Amino acid sequence: MSLLMTMINLVLLLSIFILFVQVFPEEAALRPNVVNVGAIFSFDTINGKVAKVAMKAAEDDINSDPSILGGRKLFVALHDSNYSSFLSFIGALQFMETDTVAIIGPQSSVMAHVLSHLANELHVPLLSFTALDPGLSPLQYPFFVQTAPNDEFQMIAIAEMVSYFGWAEVIAVFSDDNQNRNGIIMLDDQLAERRCRISYKATLPPDPMAKRSDVLRELAKIQMMESRVIVLNTFSKTGLLVFEVAKSLGMMEKGYVWIASTWLSTVLDSTSPLKPETANSIRGALTLRPHTPDSKRKRDFISRWNQLSNGSIGLNPYGLFAYDTVWMIARAVKLLFDQGGNISFSNDERLISLTGMDLNLSALSIFDGGKQLLKNVIETKMTGLTGPVRFNQDRFLINPSYDIINTVETGYRQVGYWSNHSGLSIVPPETLYGKKPNRSSSNQHLDSVVWPGGETIKPRGWVFPNNGRELRIVVPNRVSYRDFVSVVNGTNKVQGYCIDVFLAAIKLMPYAVPYRFIPFGNGHENPSYYELVSKIAAGVFDGAVGDIAIVTDRTRIVDFTQPYIESGLVVVAPVKKISSNPWSFSRPFTPSMWAVTAAFFLIVGSVVWVLEHRINDEFRGSPRQQIVTILTFSFSTMFFSHRENTVSTLGRLVLIIWLFVVLIINSSYTASLTSILTVQQLSSPIKGIDTLISSSERIGFQIGSFAERYLTEELGIPKSRLVQLGSPEDYARALEKRQVAAVVDERPYVDLFLSDRCEFSIRGQEFSKRAWGFAFPRDSPLAIDMSTAILALSENGELQKIHDKWLSRSACSSEKSEDEAEQLDLQSFWGLFLICGIACVLALFVYSLLMFRQYSRHCPEELDSTSRNNSFSAHLRTCLSFVDGKVEKSKSSSKRKRDSMHSDV
């Protein structure tokens, strides 16, 4: 009975379906039972094998849930391109003839560029998780969608790793196809932003066409080069071949650095165990792997993988992206149906007109719902096996990130992460998304790395190339001041202070540095240092050693080492000796200082007289006697020999402060006068560079020095005032004959010049701080290591010993210029005078208040004994008489004090 009822139900359903098709034939066609999706891959590759299993797993999971497509089935048709671009194109045409709503793939970016044009015309979205070429712009290819992180982010990660480890140059080895070539172009741009660069680009035939001979030829070139940091951007077959050849050439040993793109991590994840020879050839390399956050869905899928793949291949992140890509299409199709859309195709009028040809192009039709389906895909918001899946406005997946993996003897170990949000870190990127981005160098961290050769110390990243070529070190062939650097006549030998510093630094380098010195200059005059430095920037020389000033213009084209001697421009002028004269005692103080000091002697004497006059007999007497008392008391304090005693508290306070001031003034005067009388003084009308700027006098400078450009461009001195001088003898002759008022040159030269010429002297202070260093091409790692060696020389005292050997002369050290023994002026003592003046004012103010109080009490008594018609003058005389009056008790007290003193005697 139940069987009969089941058959009846089936017949009824079939009848209803037939009736629906007859009544609504178009609707039945627009809502097919099967949604066709194509997939184009080379299924013999690692990613092809993994993607095949993952896509079929996604297909089964979608079809097992009727709520996804409303009972319809999703069918993923697989097409094996077998590394052939032609077969990829044929496969795409076949899919588009069979009402396919979307295509997953192609696997390579080369075909992505081609098929994207076809997709644009027929409105069939292409979704690829392996064709990640940065050149696949959504503006040019709107129907192409990358469902895994674009290679641009992988190149940013590699650039930040290079910068983190402090390497300045890398060598790029890559397959010559769109994706790998454009990736290296992007890497070059990212390195340039971090002041790094690609020093050489080694191209190999596209994968998998590269042969051992192709790889051997390029690696043999690289082996002879300077850089030892190699970035390998290719695919698995070519990549493993490169490592195999590198191992045979000894390029996987100590000193080398290998950074591989994500292809190596797919090999590590999907091929287990590796062949012993393969494992040995990649040991010590760094590689990237797309980061997928941990989740329960991901763990469940990983646990199913062996069953899904029958143990044929291991799962890698691109398998997770493949699974999520199928789900993205399914969700977008479901949304299309929910929006009232349908799956229908229209003929392209342009293709119908070509029916006379043998090609069946009319079978290609336009997907009417393609634009809406593409929009749904781009607006996808879901959580997949790879984590949150969402696109930003540039159609990149949000939060691209990578695991950083280090291959070791036992397999591989993770040393950190990179994300576009936080850069390099040792914690999973998803834990940092809630925090403010911080890409500062101090916030970038990675765990320790085991480098090729088993080294744990970070490789330097470069060596001197093993091509037999010595560094071409140019040295200026000086004519003057040959103590700094000179070429021995008739030989190629160079010597001097700068040469000895360079040789001492070379000995401290952690590696051998082959070099040869090349003189620069005609030997008749000093060479142009600007021209010398320019030749380093042009690649004519590999470095420069000599008295080369570090100035702004030069630092723009070359790199300098740490300075090994301080320098700066100074003014040298003739001086005359100042002999002693009867008035030398007045020279320690300036006239203003003398005047203020004398005035304060009188002021303090007067203030003390006012404070002591009413109560101290020693400050009383006739007007003549009181004036003499003020003068003698004032000036006797200079020697602390005043014989008058102070009785009042205010007087004693003022006197104590004044005696402190006198003590300081006396000490300063004594020291300055001693210096004037014991050290020979020099004088000149030229006080420094300001004197020269304000005058119209001619100025000498050394040929080849940067002083000429500095005087004209920075100080605005006309070139007509400048005179070229070639040697110390020319300096002396020009100064003595008044051909120039002064010479402007760098301090080290001037010190040598003045060592045996006491008739000249430095006037004023250095007005341009500079230093000397060795010059090397921009971004040369040799400059860094040489700087470290120079610092070591400075710390161990060797640099000073070399200086003393060549430059330690001071025959005129006992002479002192007038500027060096400046007079003491008021500026140095105004604080003391201010304190003393305030004390005097306060004492007088307090004294006035006390007098006013006493007078107000005394005034009524005076008024009683005076006529009521007294005038103002009478009142004033009364007041003055009161102030000048004697306080009797103070007198008796003073008398008792004197009697006590006499009795003690």
Side-chain angles (χ1 to χ4, degrees), residues 155-174 184 187-188 190-202 218-233 242-243 246-247 249-261 264 282-288 404-407 415-416 418 423-424 441 444-467 469 471 506 508-514 542-543 559 561-562 776-789:
M155 296 302 118
I156 295 174
I158 293 175
E160 291 198 3
M161 290 166 60
V162 171
S163 177
Y164 170 79
F165 287 113
W167 299 314
E169 293 184 357
V170 303
I171 293 174
V173 180
F174 61 97
I184 293 302
L187 176 63
D188 204 3
Q190 294 298 324
L191 288 172
E193 290 181 9
R194 295 159 178 81
R195 287 204 65 183
C196 306
R197 69 186 185 98
I198 298 177
S199 59
Y200 179 72
K201 298 177 181 179
E218 290 298 332
L219 292 189
K221 294 179 185 177
I222 294 171
Q223 201 172 22
M224 306 296 287
M225 295 178 183
E226 184 177 278
S227 179
R228 285 293 182 263
V229 181
I230 303 169
V231 176
L232 181 56
N233 191 36
V242 170
F243 276 116
K247 179 69 175 178
L249 294 176
M251 297 176 68
M252 295 302 297
E253 302 300 328
K254 177 182 177 181
Y256 282 90
V257 176
W258 287 84
I259 303 176
S261 51
L264 182 54
I282 64 175
R283 191 175 300 161
L286 290 173
T287 185
L288 299 174
I404 301 174
I405 294 173
N406 179 207
T407 58
V415 297
W418 177 90
L424 301 174
S441 58
Q444 306 294 291
H445 302 287
L446 290 176
D447 284 336
S448 60
V449 177
V450 179
W451 305 99
E455 285 291 311
T456 55
I457 300 175
K458 184 201 74 174
R460 190 170 60 251
W462 71 280
V463 295
F464 281 97
N466 188 22
N467 55 11
R469 188 178 74 84
L471 287 180
I506 284 291
L508 297 180
M509 300 284 277
Y511 44 83
V513 182
D542 300 313
D559 282 348
T561 63
Q562 173 78 15
F776 293 95
R778 291 280 288 179
D779 301 319
S780 171
L782 189 60
I784 299 174
D785 290 342
M786 185 64 72
S787 295
T788 304

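Along the sequence shown, residues carry numbers from 1. Predicted, not measured: the structure shown is a model, and the values here were computed from it.
- Distance check: I457 CD1 to K254 NZ gives 7.0 Å after rounding to the nearest 0.5 Å.
- By the side chain to side chain contact (heavy atoms under 4.5 Å, CB included) test, S780 is found to be paired with F776, P777, L782, residues two or more places apart in sequence or in another chain being considered.
- Closest non-hydrogen pair, W462 versus P781, comes out as NE1-CB, 2.8 Å.
- Atom-to-atom distance recorded for E455:CD and E253:CD is 10.5 Å, nearest 0.5 angstrom.
- Residues meeting the salt bridge (charged side-chain N to carboxylate O under 4.0 Å, His left out) test with K458, sequence neighbours left out: none.
- A search for ring pair (Phe, Tyr, Trp, His ring centres under 6.0 Å) contacts involving W418 returns nothing, not counting sequence neighbours.
- Contact check for V242 versus E218: no side-chain heavy atoms found under the 4.5 Å cut-off.
- In summary, of the residues considered (V415, D447, T287), a side-chain contact (heavy atoms from CB on, under 4.5 Å) with N406 occurs for V415 alone.
- Nearest heavy-atom pair across L187 and A159 is CD1-N, 4.0 Å.
- One finds the CE atom of M225 at 11.0 Å from the CD atom of E169 (value rounded to the nearest 0.5 Å).
- Every side chain to side chain donor-acceptor pair (under 3.5 Å) that D785 has, sequence neighbours left out, goes to Y511.
- When every heavy atom of I222 is checked against every heavy atom of R228, the shortest pair comes out as O-NH1, 3.7 Å.
- Annotation: salt bridge (charged side-chain N to carboxylate O under 4.0 Å, His left out) contacts of D188 (sequence neighbours excluded): K201.
- A783 approaches T561 most closely through the heavy-atom pair O-CG2, 3.9 Å.
- Heavy atoms only, all atoms of each residue included: M251 and L219 are closest at SD-O, 3.8 Å.
- Within the 4.5 Å cutoff, side-chain heavy atoms of V162 are placed close to those of I259.
- Remark: I184 CD1 to L232 CG distance equals 8.5 Å, nearest 0.5 Å.
- Checked against side chain to side chain contact (heavy atoms under 4.5 Å, CB included), A789 has the following partners two or more places apart in sequence or in another chain: A505, L508, M509.
- Taking the six-membered ring for Trp and thresholds of 30 and 60 degrees, F243 and W258 have ring planes inclined between 30 and 60 degrees apart.
- Under the side chain to side chain contact (heavy atoms under 4.5 Å, CB included) criterion, T407 pairs with L264, L268, I282, A285, not counting sequence neighbours.
- R194 pairs by the side chain to side chain donor-acceptor pair (under 3.5 Å) definition with E160, Q190, not counting sequence neighbours.
- Taking both residues in full, the closest heavy atoms of I171 and S199 are given as CG1-OG, 3.7 Å, listed atom of the first, atom of the second, then distance.
- L446 pairs by the side chain to side chain contact (heavy atoms under 4.5 Å, CB included) definition with Y164, F165, I404, L424, not counting sequence neighbours.
- Q562 meets the side chain to side chain donor-acceptor pair (under 3.5 Å) test with no other residue; sequence neighbours excluded.
- Panel note: side chain W167, backbone P459; a donor-acceptor pair is recorded below 3.5 Å.
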